[in-house]
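Structure first, commentary second.
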Protein chains: 2
Amino acid sequence: MADLKKLSRLTPKQIRLLIRKGKWDKPTPGLAMGYAQANLVILPQKFAFDFLLFCQRNPKPCPLLEVLEPGKFLTDFLASHADIRSDIPKYNIYRKGRLDGTVNEIKDLWSDDFVTFLLGCSFSFEEALLRAKIPVRHIEEKKNVPMYITNIPCKPAGTMHGPMVVTMRPLPPDKVVRAAQITSRFAAVHGSPIHIGDPLKIGIKNLKKPDFGDAVTIEREEIPVFWACGATPQAVVMEAKPDLCITHAPGYMFISDVLNEELATL
Amino acid sequence: MADLKKLSRLTPKQIRLLIRKGKWDKPTPGLAMGYAQANLVILPQKFAFDFLLFCQRNPKPCPLLEVLEPGKFLTDFLASHADIRSDIPKYNIYRKGRLDGTVNEIKDLWSDDFVTFLLGCSFSFEEALLRAKIPVRHIEEKKNVPMYITNIPCKPAGTMHGPMVVTMRPLPPDKVVRAAQITSRFAAVHGSPIHIGDPLKIGIKNLKKPDFGDAVTIEREEIPVFWACGATPQAVVMEAKPDLCITHAPGYMFISDVLNEELATL
């Protein structure tokens, strides 16, 4: 198995080839710095229109980076001919909304009616925050980002509906506006905050008890800032209970050839 | 029939009700100033996924403002419960890609498998240009905007493919950057220019002979600036030859309750 230090010097394509050959099966944060990593959702065609419409209506939690036609497993936009069936280190298989297994490739499961969705991930804007010397607490504390289910309803689409899930990053008051400005540039990866300050206003009762991920330290003077989270579409899909749904395993993302900066607007 | 002067004081909702009752059957430019007007495309469900995917891949020519579930004819986002079957003054009916008639309402034609798409229109950013004292030539000359078929291919999606159609507005050199900045704010209505300067670079041989609309005066020192055009998705759909496709008639748009400024980013 390759080691992280060696991998950090490789291009996204070289890393994907190692993953394809089974030579890297660990999480992807820290790899191919500067390049966008993406969330994966694969659904049978009969659910694809509803999910595509759900993403169109809820671009902040569901920022689509690439959608492949039914049966297509080679990417076009995020990378030239990456194989979506083998180029991600770990996949979760869900049946009727319940986890049914975790695998390293999905070639055996592949069907001509699968539609692949790749969605933006907050890694991209966190890199931009760090470059501007804005602290990201869960990275400092080497934890997973804290995630909370809010009382903000997503706009429903057909069979797909549910509340928005958010991530939280505590910030010193004098960094809040700058953080909002920086993340606004990254509409393709969740974009600007959806809420700043009082968690109760969006239905979060206790910041110390996230619904997913880890709690992080919040200093007395700090303000919690909330961004829409890629856990939203996953929760919504599970609720719709499709016969089959394949996603990346959390932390085991698709590494693209597109720079974070290429996804930014002005 | 109501007259334009009287209508210019009415709200979008009041105007839509007049249209619904058959009391206004003229073009919509100049009505409900400040509010976004939208292009309409209605397709049978079997073409809807491809078209939605085409729009996702080509957001500049195909900026989706609202998509309705199959069979749904009341809007949610652009207006509260506007009836898409009657609230537009004129509809074009296409069969197998050929114009088969123009009607004032489509209630008799409606089917439960129709999917409605409403797309942004450059009227919205033209208003912003005029507010910043940037001249818009075809408005000055009371003409239709000149449109050209380029050699820039859109990203294909399933059965949908074709070249990008653009509009052109000639500008004095010292207004070009400002115009690019202003329209960049309006990503939901075609956004920033796709090309500035030499028309040959995008396959346009003669600016005096637009493919659609009217030629406009270009002064000697002026620079032609090109924006993606809503005629692109229409051309692409016609090429796919669906059994049936219903659009607004050119110039007879859907008038929304959403302000142009609400669609703008930063």
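Note that the coordinates shown come from a computational prediction; the quantities given were computed from them, not determined experimentally. Order of the sequence lines fixes the chain letters, A, B, ..., with proteins taken first and strands second; residue numbering starts at 1 for each chain.
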Heavy atoms from other residues, nucleotides or ligands near OH of B/Tyr35 exceed 12 (cutoff 6.0 Å): no

Enclosure of B/Lys13 NZ (heavy-atom neighbours >12, cutoff 6.0 Å): no

Between CZ on residue B/Phe51 and CZ on residue A/Phe49, distance to nearest 0.5 Å: 11.0 Å

Under 4.5 Å from a heavy atom of chain A, the part of B/Lys155 involved: side chain

Option in A/Leu64, A/Val115, A/Asp76, A/Leu68 with maximal non-hydrogen atom pairs under 4.5 Å from chain B: A/Leu64

Rounded distance (nearest 0.5 Å) linking atom CG of B/Leu53 with atom CD of A/Gln56: 12.5 Å

Sorted by number, residues from residues 231-248 of chain A in contact with chain B (heavy atoms, under 4.5 Å): none

Contacting region of A/Pro156 [heavy-atom separation from chain B under 4.5 Å]: backbone

Neighbour count >12 (heavy atoms, 6.0 Å) for atom OH, A/Tyr94: yes

Toward chain A, the part of B/Glu69 with a non-hydrogen atom under 4.5 Å: both

